[in-house]
Amino acid sequence: MEIKDTLNLPQTDFPMKANLPSKEPEILSLWDKINLYGKLREERKGKEKYILHDGPPYANGHIHIGHALNKILKDILVKYQSMKGKDAPFVPGWDCHGLPIEQQVEKQLKEKKIKKEDIPKSEFRKLCRDYAKTFVEIQKQEFKRIGIIGNWENPYLTMKPSYQAQEILELGRIFEKGVAYRGKKPVYWCIYDKTAEAEAEVEYQEKKDPSIYVKFKLVDEDAYPVIWTTTPWTLPANFGIMVHPEYDYVYYKTEKGTLIVAKELLESFKEKTKLEGEVIKEVKGKDLEFKEYYHPFIDRVSKIYLSEFVELSAGTGLVHMAPGHGQEDYIIGQRYKVEPFAPVDDEGRFTKEAPSWLEGVRVFDANEIIINKLEEVGALIHKEVINHSYPHCWRCKNPVIFRATPQWFISMDAILEGGNTLRGEALKEIERVRWIPPYGQNRIKSMVENRPDWCISRQRSWGVPITVFYCQDCGEIVKDMEVFQHVANLVRNNEYGADIWFEKEAKELLPEGYRCKKCGSQNFKKEEDILDVWFDSGVSHAAVLKYGEWEELKWPADMYLEGSDQHRGWFQSSLLESVASYNRAPYDSVLTHGFTLDEKGRKMSKSAGNVVAPEKVINEYGADILRLWVVTEDYTEDIKIGFNLIKRISEDYRKIRNTFRFFLGNLYDFNPSQDKVEYKDMLELDRWILSKLQGLIQLSDKAYEEGKFHKIYHSVKNFFIVDLSAIYLDILKDRLYIYAPKSLERKSAQTALWELLLSLNKLLAPIISFTTEEVWQYTRKIDPSLKESIHLELLPSVNSEYIDKDLENVYEKLLQIRDDVLKAVEEARKKDLVRHPYEARVILKLPQDYKQLIEERVDWIKFFFTVSQVELSENPQAEVVIEGESVKGSTVAVGRAKGEKCPRCWIYDESVGRNGQKVCDRCKEQLIKMNINMEELV
């Protein structure tokens with residue numbers, strides 16, 4: 001028999017090479033085969049529920065890296081809660097309506113030379129539905145591929161008839177509570193998409209615009225109030241000038257007349273216009289109230305009004321007021337009973353209400369024409385071009401305008417049942433909800449405090465209709481709950497849901513025999529506008545959690561988790577709808593993550609060529625590497641990704657994987673039900689690592705609970721690379737390979753490895769879900785009584801019996817000595833004194849407390865240092881001598897080990913060769929235990 005055959009070398013089929021891109025689909029098949037999601041529901045039935053409600057991604061295009069980040073974070077949290085023993089179902093959803101889908105369908109029609117207006121609305125909606133359905137299926141497969149476990153068989157879709165029906169009922173509740181109203185007020189308007197937009201659909205980008213100073217002649221004085229504007233095109237809608245009541249204003253006599261400007265801005269005004277003159281009068285803003293002035297190019301007289309919105313940050317301190325083109329202008333206009341006026345159509349072209357020389361001109365093209373007119377009439381004081389932040393449409397990326405049109409709104413200041421306003425109740429709920437990170441609370445709070453009424457109507461085709469009717473005889477708006485319920489039933493029972501609204505006449509949609517409550521007429525027309533997509537998704541808490549078809553869910557949700565941009569989007573629309581309807585937020589906690597950036601911290605864009613597609617990472621490295629990336633940094637901030645980073649993460653992954661392989665390889669002959677060693681009988685080193693493991697379990701559980709996944713990653717990585725690979729497993733190899741299979745030394749080590757394998761695999765299961773499942777299936781070969789999938793298991797809990805802080809303190813000191821020993825051995829290797837640590841003999845001089853620790857362990861401490869001999873001396877002498885760095889006052893000497901090298905364990909020992917003995921005394925003892933005749937060894 002060869003000596004190497006007497007060793008317990010590792011045996012496992014678990015592959016060293018992960019090959020995740022091909023292995024992961026096999027694991028997905030396993031999950032499908034055992035119906036993992038269904039099994040989880042069975043296993044956790046009756047347990048405390050944990051609901052993370054999925055914010056619906058848009059069914060348009062393939063998933064991007066931001067989608068992957070979001071869904072993986074959700075999946076980690078849901079799996080954690082499930083493995084804590086809670087019933088944590090996950091129903092994914094999709095946002096299926098809206099403009100981007102319409103635009104894609106219009107593009108497809110254009111290729112066939114068909115105009116949208118040339119086909120029935122129901123046919124166009126069908127094309128939109130098919131388009132959305134296609135991408136729901138594509139994204140569903142892409143999300144499944146990254147390991148997201150959920151109810152993929154029955155996700156929620158905002159275009160499902162049942163969902164649309166509930167949305168109509170929610171709208172009915174809003175009307176019933178008096179929160180919705182129709183009004184003409186300025187809203188963001190995209191002149192390219194020809195629709196109103198919500199605040200959340202607007203993003204600010206840099207834009208070049210004219211910056212002009214314009215004078216207006218007072219009616220009863222030879223003086224001119226001067227305004228500053230960057231939107232000359234709004235001047236045809238000027239119906240007032242606003243001043244602050246408490247600011248000081250001066251009459252400044254110049255060659256261009258006596259100009260009125262704010263005193264505080266006079267110097268900057270002079271510098272800008274180069275106008276010299278003298279101040280001849282000073283007044284307060286309130287003294288200017290109601291003074292009349294002539295419009296510079298329209299036969300119109302308007303007045304000066306007081307406004308708290310006027311600031312002194314730029315301009316003249318007098319603000320041009322166009323109530324039809326500005327939110328603050330509108331508010332002041334309402335106060336002074338000045339109606340909003342916007343002589344601009346849906347495409348942003350001036351109508352007949354504007355001067356004839358502007359009719360048909362688009363607003364942004366009109367700037368130059370208007371400036372020329374101002375110059376012509378002598379009203380222009382100064383002009384230049386500036387670059388400033390301006391609202392743009394988030395879809396088409398073009399600049400938007402403010403435009404007063406008749407729209408449906410949810411009133412922020414509507415009084416709810418308790419006597420508080422919608423705004424007030426929403427702010428109270430914001431205080432109650434837990435925000436992670438905490439600064440999210442102030443962010444959404446300031447948004448809700450300052451937001452205008454929510455415009456919920458859109459002038460498009462693909463969406464859920466605003467199901468109100470108008471009496472053709474008296475103009476009464478029909479908004480009875482019985483009508484909403486009737487229409488909701490029609491929608492619910494129609495194969496294509498809300499399409500029925502566009503296919504049938506008003507009388508076919510109303511309850512039979514319905515009459516106007518005001519005049520008794522039966523002559524009605526229906527509203528043609530659809531609901532804002534933010535209302536679509538904002539009612540998901542009711543349509544899915546409260547009244548949906550998913551028995552596994554409950555309302556309200558424990559958690560909403562989305563990107564930080566959703567403070568102004570989904571978090572807010574859900575909050576407002578839920579507070580208006582049910583007097584509380586639809587969630588108890590909200591967690592936000594940042595955006596994805598490239599490795600240099602730049603925003604990703606196709607033009608910059610720095611986009612990292614999830615598919616590319618998965619095909620090259622595997623989904624688990626993508627999942628691991630998600631937890632490498634604090635995701636509440638912006639998180640970087642790039643292939644250099646991915647490569648580094650895959651190196652960390654390899655170390656983790658190889659450690660699991662080591663566990664499995666050294667447990668091939670271990671039977672947990674028979675071979676486990678009682679904790680009290682285990683060797684000290686094994687008890688130490690189990691104590692360290694409990695600390696890691698405790699830390700990880702707290703980090704999971706707080707959503708601080710990066711803490712788990714860095715702690716687990718450190719445990720694998722330092723505590724295990726560099727220390728424990730390095731020391732353990734000798735004991736595992738050399739001692740007899742049934743010896744206490746080996747069984748104690750295997751017991752520790754078994755605990756480590758189970759605990760670490762479960763701890764990492766929410767994160768690297770594929771690899772831990774792969775490891776689990778090999779673990780089940782060791783113990784077939786384990787559950788079918790690791791995701792059906794419970795996370796490890798801290799075993800207080802294993803915690804030994806005194807032992808950890810002892811090992812902290814022993815490891816300090818070990819650090820110095822390893823440095824000295826390395827020095828000896830550099831000097832060619834030794835090639836392998838086993839060739840070393842170490843002589844130590846130590847302070848008394850450290851010396852005592854070594855004396856107590858003198859029989860095995862050489863294995864701890866992975867050298868052949870350890871001695872204590874007050875005067876260490878050898879070829880290499882160093883002063884200890886980790887242990888102050890210590891000396892470490894290293895010389896060649898005494899004796900011969902044992903061919904079985906490679907330790908140098910004086911017993912090797914004695915009386916012809918082939919191996920050392922320790923190996924001889926183990927071979928006897930194994931009934932191996934040493935004479936037969938070769």
Side-chain angles (χ1 to χ4, degrees), residues 180-202 209 227 229-242 295 298 300 302-303 305 307 309-310 319-355 358-367 370 390-393 398-414 450-460 466 468 470 475 477 527-532 534:
Y181 71 93
R182 186 166 172 80
K184 186 181 181 184
K185 57 190 293 186
V187 293
Y188 286 114
W189 184 274
C190 180
I191 63 176
Y192 303 92
D193 294 329
K194 293 177 279 190
T195 186
E197 296 201 335
E199 256 196 303
E201 295 170 316
V202 165
D209 269 321
I227 63 93
T229 184
T230 56
T231 55
W233 67 264
T234 60
L235 286 170
N238 175 276
F239 271 80
I241 291 174
M242 298 182 287
H295 192 286
I298 295 173
R300 181 192 302 153
S302 300
K303 294 176 183 175
Y305 301 112
S307 167
F309 299 117
V310 176
V319 178
H320 142 59
M321 179 178 124
H325 291 305
Q327 179 61 25
E328 291 163 357
D329 308 38
Y330 172 80
I331 292 167
I332 301 303
Q334 290 296 288
R335 191 179 296 165
Y336 284 102
K337 300 201 169 25
V338 180
E339 284 304 303
F341 173 66
V344 172
D345 69 12
D346 292 359
E347 292 185 338
R349 298 183 188 282
F350 281 101
T351 63
K352 286 177 181 173
E353 293 174 296
L358 282 174
E359 195 179 330
V361 178
R362 265 201 161 173
V363 289
F364 299 121
D365 298 331
N367 281 331
I370 289 169
Y390 187 88
H392 285 66
C393 172
N398 286 305
V400 296
I401 64 171
F402 249 111
R403 174 182 177 233
T405 56
Q407 302 285 348
W408 282 102
F409 296 91
I410 286 178
S411 169
M412 291 300 296
D413 299 308
N450 299 308
R451 73 160 291 153
D453 291 349
W454 176 9
C455 176
I456 57 168
S457 50
R458 294 292 179 273
Q459 293 66 45
R460 304 300 299 183
I466 296 175
V468 297
Y470 303 92
I477 297 171
E527 173 63 80
E528 293 293 335
D529 282 359
I530 61 167
L531 282 159
D532 171 20
W534 292 105

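FYI, the numbering just counts along the sequence from 1.
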Once side-chain contact (heavy atoms from CB on, under 4.5 Å) is applied, do any residues pair with Arg335, and if so which ones, sequence neighbours excluded? Glu308, Ile331, Ile332
When every non-hydrogen atom of Gly240 is compared with those of Ser302, the smallest separation belongs to N-CB, 4.0 Å
What is the minimum heavy-atom distance between Glu197 and Cys393, and which atoms define it? OE2-SG, 2.9 Å
Using only atom types and a distance under 3.5 Å, with no angle test, would you say the side chain of Tyr390 pairs donor to acceptor with the backbone of Val400? yes
Tightest non-hydrogen contact, residues Ser457 and Ala196, listed as O-CB, 3.8 Å
With sequence neighbours excluded, residues passing salt bridge (charged side-chain N to carboxylate O under 4.0 Å, His left out) with Asp346: Arg403
How many angstroms lie between CD1 in Ile370 and CZ in Phe350, if you round to the nearest 0.5 Å? 4.5 Å
Is a side-chain N or O of His325 found less than 3.5 angstrom from the main chain of Leu235, in a donor-acceptor match? no
Sole candidate of Asn238, Asp329, Thr229 that passes side-chain hydrogen bond (donor to acceptor under 3.5 Å, both in side chains) when paired with His320: Asn238
For the student: nearest non-hydrogen atoms of Ala237 and Pro323, plus distance: O-CD, 4.2 Å
Pairing residues for Asp529 by the side-chain hydrogen bond (donor to acceptor under 3.5 Å, both in side chains) criterion, not counting sequence neighbours: Gln459
Here's one to test your reading of the geometry: is the NZ or CZ of Arg451 within 45 degrees of the ring axis of Phe409 and under 6.0 Å from its centre? no
State, to 0.1 Å, how close Tyr192 and Pro399 come at their nearest heavy-atom pair, and which atoms those are. CE1-O, 3.7 Å
Is it the case that the side chain of Asp345 and the backbone of Glu347 share a donor-acceptor pair, with hydrogens and angles ignored and the cut-off at 3.5 Å? yes
Partners passing side-chain contact (heavy atoms from CB on, under 4.5 Å) against Val310 (at least two apart in sequence or in another chain): Met242, His244, Tyr247, Tyr249, Ser307, Val319
Of all the heavy-atom pairs spanning Ala414 and Ser411, show the shortest one and how long it is. N-OG, 3.1 Å
Residues 180-190 vs salt bridge (Lys or Arg N to Asp or Glu O under 4.0 Å), sequence neighbours excluded, gives Arg182-Glu527, Lys185-Asp453
Rounded to the nearest 0.5 Å, the CZ atom of Phe402 sits from the CH2 atom of Trp189 at a distance of 13.5 Å
Output all residues satisfying salt bridge (charged side-chain N to carboxylate O under 4.0 Å, His left out) with Arg458, sequence neighbours left out; order by chain, then residue number. Glu201, Asp532
